[in-house]
Asks: 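If you scroll down you'll find the structure; I have some questions about it.
If you're wondering where the values come from, they're calculated on a predicted model, not measured in any experiment. Numbering starts at 1 and runs along the sequence shown. These values consider heavy atoms only, across backbone and side chains, with no hydrogens, waters or symmetry-generated copies.
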Amino acid sequence: MSAMRLGEDRAGAVLTLTLDYPARRNALAVPLRDALFTALEAAQGDAGIRALVLTGAGGTFCSGGDISGMDVSDAEQGRERMRRTHRIIRLMVGGRLPIVAAVEGWCVGAGLSMACACDTIVAAEDARFMAGFNKVGLMADLGLPFTLPARIGVARARQILLYPVPIAAVEAERIALVDRVVPKGGALAEAQLLAAGLAAQAALPIALTKRMLAEGLDAALERERDWQTMCFLSADHAEGRDAFLAKREPVFGQR
């Protein structure tokens, strides 16, 4: 974790968690995922914490999964990888604490999944959103096939999941992908202000509302666990991973 860390900053009842992995633009490497799960689980058990903010360091929210660490070699390894990651999504979507995402810069792939697992998304005007999983031979994961349609509807979610086209912050707000757009550099302050407002409200109704809105998530994650494992072991993912690391365009469908 020397080259990556999860920052934790508490102000009253609000805990801010910051993804900080500068070498990979805050990509969700396995150690960073484990640190995030540990922090989220601890926050759930701390009665003094009543709201969370999730953000990224260095002007980027999250560039996606860490492709260099995707070395799944068999089905059980793939399923275990997904199980460990799904612990985070279950806590974010169905846990008791409301979460506000503060997005500056790129929010791509797994980063988009993390943002959509939050209850509110605040985006700086320079923010850019994209799914893009299919560019590396994978399906959308971390609950995105569940959370994205719930946020923007199935038709628009289909377009985002199928086409790797960046979406600017203003357009993201128009389609309800984000909830507020603020000037560049202002996302964190706005997110923390909203989180403080949530922290001042009655906690039980918020927790129960989150739990109700999360109904169906477990079944979706179980399907995702099996199907993404199939993708991990596919020839197309091998090609997509190699192409990404070599900084070239992938050529899919070859056997």
Side-chain angles (χ1 to χ4, degrees), residues 1-6 17 19-21 23-44 54 56 60-95 99 101 106-118 130-148 161 164 214 216-246 250 252:
M1 288 286 287
S2 59
M4 68 181 82
R5 62 184 289 272
L6 181 72
L17 301 175
L19 305 173
D20 190 358
Y21 184 13
R24 298 280 181 181
R25 295 190 300 171
N26 304 332
L28 284 176
V30 171
L32 196 55
R33 296 182 191 209
D34 289 344
L36 182 57
F37 169 73
T38 298
L40 288 170
E41 189 174 47
Q44 292 287 333
L54 180 65
T60 297
F61 182 72
C62 176
S63 63
D66 187 2
I67 304 298
S68 64
M70 291 183 185
D71 51 359
V72 174
S73 59
D74 59 57
E76 188 54 36
Q77 188 179 34
R79 285 177 52 78
E80 175 60 14
R81 180 186 178 95
M82 297 308 299
R83 183 194 69 80
R84 292 175 67 87
T85 303
H86 285 165
R87 299 179 304 171
I88 298 171
I89 302 305
R90 286 187 168 94
L91 286 176
M92 292 180 68
V93 178
I99 308 176
W106 282 101
C107 178
V108 181
L112 181 60
S113 301
M114 297 295 291
C116 288
C118 296
M130 186 172 69
F133 293 86
N134 49 6
K135 296 182 71 174
V136 291
L138 296 176
M139 64 173 283
D141 62 9
L142 278 70
L144 192 62
F146 177 88
T147 57
L148 186 61
L161 295 176
L217 175 67
D218 286 338
L221 292 180
E222 282 305 305
R223 287 195 299 273
E224 180 186 298
R225 186 181 181 191
D226 290 332
W227 294 352
Q228 189 70 303
T229 295
M230 292 171 60
C231 293
F232 280 141
L233 301 176
S234 69
D236 279 342
H237 174 55
E239 166 61 12
R241 181 177 181 274
D242 290 348
F244 179 87
L245 296 175
F252 295 124

Asks: Checking R241 against F244 for the side-chain contact (heavy atoms from CB on, under 4.5 Å) test, could you report, in this order, the C-alpha distance in whole Å, the side-chain angles of both residues, the deciding distance, and whether it holds?
Replies: CA-CA 5 Å; R241 181 177 181 274; F244 179 87; 5.8 Å; no

Asks: List the atom of A115, the atom of C107, and the distance in Å for their closest heavy-atom pair.
Replies: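 Smallest heavy-atom distance, with atoms named: CB-SG, 3.9 Å.
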
Asks: Let me confirm one number: the CZ-CD distance from R83 to E76, rounded to the nearest 0.5 Å.
Replies: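 So the gap between those two atoms works out to 9.5 Å.
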
Asks: A side-chain contact here means heavy atoms from C-beta on lying under 4.5 Å apart; do T229 and V72 qualify?
Replies: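 No, every pair of side-chain atoms sits at 4.5 Å or beyond.
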
Asks: Just by modelled atom types, is the V136 backbone N or O under 3.5 Å from a matching donor or acceptor in the H237 side chain?
Replies: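 Checked: pair present.
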
Asks: Can you measure from CG (L40) to CG (L17) and round to the nearest 0.5 angstrom?
Replies: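 Between L40 CG and L17 CG, I get 6.0 Å after rounding to 0.5 Å.
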
Asks: Among all residues two or more places apart in sequence or in another chain, which pass the side chain to side chain contact (heavy atoms under 4.5 Å, CB included) test with D242?
Replies: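 Only R248 meet the side chain to side chain contact (heavy atoms under 4.5 Å, CB included) criterion with D242.
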
Asks: About how many Å separate CE of M82 and CG of D226, when rounded to the nearest 0.5 Å?
Replies: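 Atom-to-atom, D226:CG and M82:CE are 10.0 Å apart.
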
Asks: So which heavy atom on P164 is nearest to which on M130, and how close?
Replies: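 For P164 versus M130, the nearest heavy atoms are O-SD, 3.2 Å.
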
Asks: Give me the atom names and distance for the closest heavy-atom approach of N26 to D20.
Replies: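 Result for this residue pair: OD1-CA, 3.5 Å.
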
Asks: List the atom of L148, the atom of C116, and the distance in Å for their closest heavy-atom pair.
Replies: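 So the two residues come closest at CD1-SG, 4.0 Å.
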
Asks: Are C118 and M92 packed together at the side-chain level, in the sense that at least one heavy-atom pair is separated by less than 4.5 angstrom?
Replies: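 The answer is yes; the side chains approach within 4.5 Å.
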
Asks: In chain order, what residues pass the salt bridge (Lys or Arg N to Asp or Glu O under 4.0 Å) check against E41, with sequence neighbours excluded?
Replies: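 Listed in chain order: nothing, the list is empty.
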
Asks: Is there a donor-acceptor pair closer than 3.5 Å between any side-chain N or O of Q228 and the backbone N or O of M139?
Replies: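 Yes; at least one donor-acceptor contact below 3.5 Å.
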
Asks: Output the distance between atom OG (S63) and atom OH (Y21), rounded to the nearest 0.5 Å.
Replies: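 Going from the OG atom of S63 to the OH atom of Y21 covers 9.0 Å.
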
Asks: Does the salt bridge (charged side-chain N to carboxylate O under 4.0 Å, His left out) test come out yes or no for R87 and D34, once each step is laid out?
Replies: CA-CA 10 Å; R87 299 179 304 171; D34 289 344; 3.8 Å; yes

Asks: With a 3.5 Å distance limit and no angle check, can you tell me whether E224 reaches the backbone of G143 through a side-chain donor-acceptor pair?
Replies: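 Such a contact is found between E224 side chain and G143 backbone.
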
Asks: Any side-chain heavy atom of L54 sitting closer than 4.5 Å to one from F61?
Replies: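 They are in contact (side-chain heavy atoms under 4.5 Å apart), so the answer is yes.
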
Asks: Might you work through the side-chain contact (heavy atoms from CB on, under 4.5 Å) test for V30 and R81, ending with a clear yes or no?
Replies: CA-CA 9 Å; V30 171; R81 180 186 178 95; 3.8 Å; yes

Asks: Are the side chains of L142 and L28 in contact, using a 4.5 Å heavy-atom criterion?
Replies: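 A side-chain contact exists here, since the closest heavy-atom pair is under 4.5 Å.
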
Asks: Do L19 and M114 have side chains that approach each other closer than 4.5 Å (heavy atoms only, starting at C-beta)?
Replies: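 Contact flag for L19/M114 side chains = no.
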
Asks: Let me confirm one number: the CZ-CG distance from R223 to L221, rounded to the nearest 0.5 Å.
Replies: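 One finds 9.5 Å between CZ of R223 and CG of L221.
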
Asks: Closest approach of S113 and F133, non-hydrogen atoms and distance?
Replies: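 Shortest heavy-atom contact: OG-CZ, 3.6 Å.
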
Asks: Identify whether the distance between the nearest side-chain nitrogen and carboxylate oxygen of D66 and R25 falls below 4.0 Å.
Replies: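 The answer is no: the pair does not qualify as a salt bridge.
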
Asks: State the CD-OG1 distance between E80 and T85, to the nearest 0.5 angstrom.
Replies: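 E80 CD to T85 OG1: 9.5 Å, rounded to 0.5 Å.
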
Asks: With a 4.0 Å cut-off on N to O distance, would you call R225 and D141 a salt bridge?
Replies: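 Between D141 and R225 there is no salt bridge, as every charged N stays at least 4.0 Å from the carboxylate O atoms.
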
Asks: Is a donor on one side and an acceptor on the other found under 3.5 Å between the side chain of T60 and the backbone of G56?
Replies: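 It does not hold such a pair.
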
Asks: Does any N or O in the side chain of D74 come within less than 3.5 Å of the main-chain N or O of Q77, such that one atom is a donor and the other an acceptor?
Replies: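 Present.
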
Asks: Heavy atoms only: give me the nearest G137-S234 pair and the separation to one decimal.
Replies: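 Taking G137 first and S234 second, the nearest heavy atoms are O-OG, 4.1 Å.
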
Asks: Given side chains that start at C-beta, do those of M4 and P31 come closer than 4.5 Å, heavy atoms only?
Replies: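 Yes, close enough: below the 4.5 Å cut-off.
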
Asks: Taking only Lys NZ, Arg NE, NH1 and NH2, and the carboxylate oxygens of Asp or Glu, determine whether E222 and R90 approach each other closer than 4.0 Å.
Replies: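 Here E222 pairs with R90 in a salt bridge, since their nearest N and O are under 4.0 Å apart.
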
